[in-house]
There are 2 protein chains.
Amino acid sequence: MGETIQSVERAAAILRLLASGPRQLGVAELARGLGLPKGTLHGILRTLVHVGFVEQDPATGKYRLGATLLHLGSSYLDVNELRTRSINWADALAGRSRESAWIGTLHEGHVLVIHHVFRPDDSMQTLQVGTYLPTHASALGKVLLAHDPYAEPAAPPLRPHTKHTVIDPGALEEELERVRTRGWAAEMEELVDGEVAIAAPIKDRRGVVVGAIGIRGAVERLATDGALHMEYVSYVRDAARAITRDLAR
Amino acid sequence: MGETIQSVERAAAILRLLASGPRQLGVAELARGLGLPKGTLHGILRTLVHVGFVEQDPATGKYRLGATLLHLGSSYLDVNELRTRSINWADALAGRSRESAWIGTLHEGHVLVIHHVFRPDDSMQTLQVGTYLPTHASALGKVLLAHDPYAEPAAPPLRPHTKHTVIDPGALEEELERVRTRGWAAEMEELVDGEVAIAAPIKDRRGVVVGAIGIRGAVERLATDGALHMEYVSYVRDAARAITRDLAR
DNA sequence: GCTCATGGTTCGACAATGCCGAACGAATCG
DNA sequence: CGATTCGTTCGGCATTGTCGAACCATGAGC
């Protein structure tokens, strides 16, 4: 890739920085974070405000992300072929398993959730579309890591989320090997206590893994004595195969 | 507002154009749409690809929105105070009314949906967060229009969505006046046949309307002979008042 | 209530930066 | 098998954005 445009690159860096935390940031903070002069930053910020990507708090003068980004993000979902082709299958998976269904793809070293169906007859859940899951501590992530062609060796330190999270790189690599050979991944209370997950790979027409689909639910429903109920694994793998077949057309 | 940065402004225009339709666009199409030389556009596109805001289809060479935007959009939701403060109330509203609950705000002449709770015990609904609703054909939109300080007179032509959509500017203005005096808005099959909606305004600590909350459901559940059941109106107004009180703290 | 530090904002001069248009190779269509 | 149309590259020119200092407003500390 050749040269890139400085100001656009800087604008993107500002947006990433604003997105990195729930806090609003001031010009000075941003300038320090990016190592740029205040004046330069202000010019870019003014433009970002003008196009609606950033909003300025009238009271404090600080900056935060703007509403236009929300709309652009949801437009991305319309364009995303993997998502549009798999929505129906995810619904069906949630219906059969009576658990929440998830579809994710690898992005910047995380699992980006691109679809999420709530567990039937259970509202009061917050939607996770657009959020990141850790690759090493989620079933979706293990599937995607296991088939990642660039095979980044899961840069340590692996952050522990519960006492069951796999944080040893060697142990994780063994786990990924197991995922590759048997064709699906499990996650047993490694992200949230009391929750387990199952996932399987989705491939495009060339056989490349482009995403993963899975379910997530309470350990007492999906497993007994630490062993997953295999009918749930079948549901997930069926769904993954169905979408893969769909994408091949 | 002073001068803005050309290349950033152009980059934003590209993103908006890509988001305007579900189709992928090529360099030439974009250049024609924006009236810019191909070479110039290519440079910006290359940068947008580099920062992940745009993806290029390896097969056709055409461009589409990128996954980073989805993540930025969901980050916006974390920052948005109106949303974080009203999530619990929306859940409660959906629970009491047993209908889907919605929260929206005015953005670029549309209603931007910033929260959406599914109807209890009814999955198989697609999430609408980040999408636009028309201001003149939705209950949320009528509330927001009625209290819009800039009072743009709903630029005709008003697009009809069903045979009940109000398309006469005069009739709409009367309707808005009614919304202002009684404090809530109704929408009777004006957007989708068989569906009606109710909405009420949310105000910030200064009394300015910053959003609207409402419910939407089948006409046979929410109304009889074209008259809304008033207990649903109470649910919605209660929720709106509760959030307004919450924001005042 | 004064001082001082820190915040967001403006401005103008310099030159680096990104813009443009023409030219290239690949792919597609008739 | 020509003739378009596409995405991409490149180098010269001047437009454009960068930079740092200066400008106010705000708020904390004494």
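Residue numbers begin at 1 in each chain, while the letters A, B, ... track the order of the sequences.
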(message) Need to verify one output field. Residue with the more 5' nearest nucleotide on DNA chain D, B/I5 or B/E29?
(response) B/E29
(message) Over 60° means perpendicular and under 30° means parallel, so tell me whether B/H136 and B/H161 are parallel, tilted or perpendicular.
(response) tilted
(request) Write down the distance between CD1 (B/I14) and C1' (D/dG7), rounded to a whole number of angstrom. (result) 14 Å
(message) Can a donor-acceptor pair be found, under 3.5 Å and without considering hydrogens, that links the side chain of A/T131 to the backbone of A/V113?
(response) no
(request) Describe the nucleic acid contact of B/G26 in one word from base, sugar-phosphate, nothing, applying a heavy-atom distance below 4.0 Å. (result) sugar-phosphate
(message) Any side-chain to backbone donor/acceptor pair from A/R83 onto A/I114? Under 3.5 Å, distance only.
(response) yes
(message) Check this one for me: any side-chain N or O of A/Q56 less than 4.0 Å away from OP1 or OP2 of C/dG7?
(response) no
(message) Using the side-chain heavy atoms of B/R10, tell me which of these nucleotides is nearest: C/dC20, D/dG7, C/dG7.
(response) C/dC20
(request) Rounded off to whole Å, could you give me the CZ-to-C1' distance for the B/R46 and C/dC20 pair? (result) 14 Å
(request) Using atom CD1 of B/I44 as one end and atom C1' of D/dT9 as the other, report the distance to the nearest whole Å. (result) 16 Å
(request) Give a yes-or-no answer on whether the side chains of B/H107 and A/T68 include a donor-acceptor pair shorter than 3.5 Å. (result) yes
(request) Answer yes or no: does a side-chain N or O of B/H42 lie under 4.0 Å from OP1 or OP2 of D/dT8? (result) yes
(request) Taking only the side-chain nitrogens and oxygens of A/Y63, find out if one of them lies under 4.0 Å from OP1 or OP2 of C/dG7. (result) no
(request) Output the single nucleotide from D/dT18, C/dC19, D/dT8 whose closest atom is nearest the side chain of A/T40. (result) D/dT18
(message) What's A/S7 touching, base or sugar-phosphate or nothing? Going by heavy atoms closer than 4.0 Å.
(response) sugar-phosphate
(message) Between P on D/dG17 and NE2 on A/H50, what's the gap in Å once rounded to a whole number?
(response) 14 Å
(message) When you measure from the side-chain N and O atoms of A/R32 to the phosphate of C/dG7, is any distance below 4.0 Å, counting only OP1 and OP2?
(response) yes
(request) Could you tell me the separation between the CG atom of B/L41 and the C1' atom of D/dC6, rounded to a whole number of Å? (result) 14 Å
(request) Would you kindly give the CD-to-C1' distance between B/Q24 and D/dC6, to the nearest whole Å? (result) 15 Å
(request) Write down the distance between CD (B/Q6) and P (D/dA14), rounded to a whole number of angstrom. (result) 16 Å
(request) Return the value, rounded to whole Å, for the distance between atom CD of A/E9 and atom C1' of C/dA16. (result) 17 Å
(message) With a 3.5 Å cut-off and heavy atoms only, can you find an N or O donor on one side and an acceptor on the other between the side chain of B/K62 and the base of D/dG7?
(response) no
